[in-house]
Each structure stands twice: as C-alpha cells, then as structure tokens.
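All heavy atoms count here, side chains included; hydrogens, waters and symmetry mates do not.
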Amino acid sequence: MEFFCGLDVGMDETAICVVDATGKVMLETAVVTDPDAIKVALTPYLGRLRRLGHEAGSLSPWLHPELLRLGLPAVCLETLHVRAALKAQRNKTDRADALGIAQIMRTGWFRRAHIKSEACYRLRLLLTHRRNLKRKFVDLENAIRHSLKVFGIRLNRVGRGGFAQAVREAVAHDALVSELIDAMLNARAALWKEYCRLHDLVVRLVAGHELCRRFMQIPGVGPIAELSFMTAVDDPSRFRRSRDVAAHFGLTSRRWQSGSSIDVKGRISKAGDGDVRRALYEAASALLTRYKKKDKVKAWGLALAKRSSHRKATVAVARKLAVIMHAMWTSGTFYCGDPDASAAEMHAETTAKQRILLGPYA
C-alpha cells in the first residue's frame, strides 16, 4: 500500500501526518524543522512513500532542495490551493493542517509551486532590499514634511537635492526642532547613500547580463523591470506558452461564469509577484507617454487608449510586454519595434539607451 505525507512547516517545529491510500491516518507527530529529523520520523514509510507535500513559505527555498537531496518525494504546493482546501476544516491547528495537506497529496488535487535557483534568490534579495531602503527613505522624508506642517512650514516645490538645505533653513530659528530635524536628515542621507549603493549594484549586474541587455532593446524597459522579470520567471521552460506569463503575474482579467446568463469579466487578478507587475506597468507607461519614436506596441496601445482609457491601455501594454519578453527569452530573438528601421539605426538607439541607463557600465 502506498503512503502520502503532509508537512505543516513552522519556524521551530514541523507537524507530520502520514495517511494510506484509503485516507486512514498512519502517523501523526511533530519534530524540529530539520530535513534529517523529518526523514528519521518517516523511516518506516520510506519504501512506499509516494508523495510528501509542504506549503510554499519562507523556508521552502531551503527546505525543499534538502528534502529532495535526502531522497524524499517532496512537492512544494501553491499556497492559494492549500488555503482553499483547508478552509473546509472546522479548526485550524498545525496537526489539522498537516492532515489536510496529507489528504491533498493523496487525492492529487494540488498545483506545484516553482522553487527558484539559489542564484535567482540572491538577485531577488538584492531587489527586495533596494526596494525596502527606498520605501524607508520616502517614509522618512514624508515624516519630516509632515512634522514641519505643525509650524506652518510647507515644502511644496523643493526637489530631492535641495530638500535637506531647505528644511534646515526653515527650522534654524528653533534650537530644539533644529536638533531633532538634523537627526532625521542624517538618517535620511544614510538611507539614500545605501540605496544608491544597491541601485548601482543592480545596474552593474544588468550591464553584465546578456539577456537583460537584450530586454533593454524594448522601449520603456529599464534595469529594474528586466531583473525583476528575469528573477521572477527563473526558468522560461516552465511556461508552455508565452501568454501564460501575463496570467502568472496577475495581468489578465478575472472571470465569473455561471450557466448561460452570467459571464462577467472583471479587473485584473493581481495574482503572483506584485513587484514584477508594478515594474511592467511602469515600463508600459513610459513606452506610451515618453517614447517619441515609432513602435508597433506603442501604436497598438495608443489606439486602445482612444477606444477605452489610458489606464486600461497601460495594463494591456504591460501584459504584452511580459509576453514579448518571455518569447525573446525562449527563442533568443531581438526586439524590433519599428519594422522600417535599419539594423544600424536599431543598434544606435539601443546603444544610446544603454549609455543613459547603465552609465559607465554600458
């Protein structure tokens, strides 16, 4: 008889449940969250253990490869599918979740989550920390602006470069406030310095990556959009069709159909990686509003904006950019937005864009 196992992984302890092919519980226990300890607990069932499932989480990039290395038939499960299945349970406990995951593995009603490579996670960590530093910098700057409003000081037309000097001049007459604001400004300057350090690292990595330099041929697509898309996809072969990538990042409409009378197409699903979706949207907006030359995708988007709205057209162009980038990746081709342009003109335009975006690394 075959056995199926479910793991409810916690930071310190993992609940384990094993069921047989009929759904009968054969083992319920808890061990420390360690691959070797999990294998020891499953020793009596290893010969006939068909599937071992665990929900995707923060520990999955480390735990899943280790379980596979130990010879366990591990499967990483999509979180949304697991949540939907476990909602049928009356009580939510680690023990009940492990049992529910084991039953999911037995029935086969699950979808595998892709575990990215270690190199990919390193690049995503760079993007994540860069984003976090920028958000903290903006939060600190907004806090300074808000605190000055108490004294009637409004900084409406002050750029980022002259912000610190303008604030210090505005509070120079008050010794206490000046001391407080100076501490905040020093923290702001430190955050900006470290943010620029990580951004330069992103630019250097993009400059040395052949695929990212090919992506840069697309108008509006910059270093952040390229690296975000590449690290989120990781392996292009896991998508059977290029158009599936747009749905993966939540850029396709939700649909609600029931019978012959109800068929509603709603807003985009916003599933998947939100950072990639935002990066693609910003790239699409830059293509539609800032790029001045001829481009097929831009012309298509502007025509759609006339029939519908600029916002919907931007989402549609972002969706198309995702499809184009995946197709370029899988086929090894280059982007040509203007079929009338010569190869020399395309090369000159791409070189100029790389010089602007990559600076000394172009």
Side-chain angles (χ1 to χ4, degrees), residues 124-203 206 219-228 250-251 267-268 270 273-292 298 301-302 305-306 308-318 321 353 355-360:
R124 290 182 64 80
L125 187 63
L126 168 60
L127 291 171
T128 300
H129 288 331
R130 174 194 170 277
R131 179 198 64 206
N132 289 337
L133 283 178
K134 186 174 183 180
R135 286 181 176 176
K136 298 302 181 183
F137 170 82
V138 174
D139 289 343
L140 204 58
E141 191 172 276
N142 290 336
I144 296 172
R145 289 179 180 272
H146 181 72
S147 62
L148 294 180
K149 292 179 183 178
V150 178
F151 308 102
I153 302 172
R154 291 166 290 180
L155 303 172
N156 295 326
R157 297 184 179 181
V158 178
R160 185 158 289 166
F163 179 81
Q165 182 64 27
V167 171
R168 287 191 171 96
E169 292 177 355
V171 298
H173 62 281
D174 192 319
L176 176 60
V177 176
S178 178
E179 189 74 16
L180 294 174
I181 293 298
D182 188 65
M184 296 288 283
L185 289 174
N186 290 338
R188 170 184 175 272
L191 283 174
W192 182 252
K193 178 182 177 181
E194 298 305 320
Y195 162 78
C196 292
R197 177 183 174 185
L198 293 187
H199 183 76
D200 288 343
L201 182 56
V202 170
V203 173
V206 169
V221 177
I224 302 302
E226 296 160 4
L227 200 60
S228 299
L251 289 168
R267 296 180 179 272
I268 59 173
K270 294 185 178 180
D273 195 323
D275 291 332
V276 179
R277 187 166 56 253
R278 283 186 288 271
L280 290 173
Y281 185 88
E282 291 175 2
S285 179
L287 172 59
L288 291 177
T289 58
R290 299 181 184 178
Y291 189 67
K292 302 304 180 183
K298 175 186 176 182
L302 292 177
K306 289 182 179 180
S308 180
S309 67
H310 177 78
R311 189 173 182 178
K312 290 183 178 180
T314 306
V315 173
V317 172
L321 288 180
K353 180 181 178 182
R355 189 179 296 112
I356 294 172
L357 295 178
L358 304 182

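- Of all non-hydrogen atoms in A166 and V158, the two that sit nearest each other are CB-CG1, 4.0 Å.
- The closest side-chain heavy-atom distance from D273 to R124 is below 4.5 Å.
- In this structure, the side chain of S147 engages the main chain of I144 through a donor-acceptor pair within 3.5 Å.
- Considering CZ of R277 and CD1 of I268, their distance stands at 6.0 Å, rounded to 0.5 Å.
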- Evaluate the criterion side-chain contact (heavy atoms from CB on, under 4.5 Å) for residue pair H310 and T289; output intermediate values, then yes/no. CA-CA 10 Å; H310 177 78; T289 58; 3.7 Å; yes

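- With rounding to the nearest 0.5 angstrom, the CG atom of D200 is 10.5 Å from the CZ atom of R130.
- Look at K136 and D139 and you find no salt bridge, because none of the NZ, NE, NH1 or NH2 atoms lies under 4.0 Å from a carboxylate O.
- The shortest side-chain heavy-atom distance between R197 and K193 does not fall under the 4.5 Å cut-off.
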- Step by step, would you call L155 with L148 a side-chain contact (heavy atoms from CB on, under 4.5 Å)? CA-CA 9 Å; L155 303 172; L148 294 180; 3.8 Å; yes

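- Across every non-hydrogen atom of L185 and V167, the tightest pair is CD1-CG1, 4.1 Å.
- The CG atom of D275 sits 11.5 Å away from atom CG of L227, with the distance rounded to the nearest 0.5 Å.
- Here the CG atom belonging to L198 is positioned 12.5 Å from the NZ atom belonging to K134, to the nearest 0.5 angstrom.
- Residues R160 and R188 form a side-chain contact, since some pair of their non-hydrogen atoms from C-beta on lies under 4.5 Å apart.
- Note that CE of M184 is 4.0 Å distant from CG of L140, once rounded to the nearest 0.5 Å.
- For residues 146-174, no pair satisfies ring pair (Phe, Tyr, Trp, His ring centres under 6.0 Å), with sequence neighbours left out.
- Listed here is the closest heavy atom pair of V317 and A284: CG1-CB, 3.6 Å.
- Here the closest non-hydrogen pair linking V206 and P223 is CG2-O, 3.8 Å.
- When side chains are defined from C-beta on, R168 does not count as touching I181, because their heavy atoms never get closer than 4.5 Å.
- Side-chain contact between R135 and Y195 is absent, with no heavy-atom pair separated by less than 4.5 Å.
- The shortest distance between side-chain heavy atoms of L133 and H199 does not fall below 4.5 Å.
- Residues S228 and V276 approach most closely at O-CG2, 3.5 Å, considering heavy atoms.
- Remark: side-chain polar atoms of D182 are not paired, donor with acceptor, to backbone N or O of S178 under 3.5 angstrom.
- In plain terms, the two heavy atoms of A318 and L280 that are nearest each other are CB-O, 3.6 Å.
- Using modelled atom types, one side-chain atom of K298 and one backbone atom of Y291 make a donor-acceptor pair closer than 3.5 Å.
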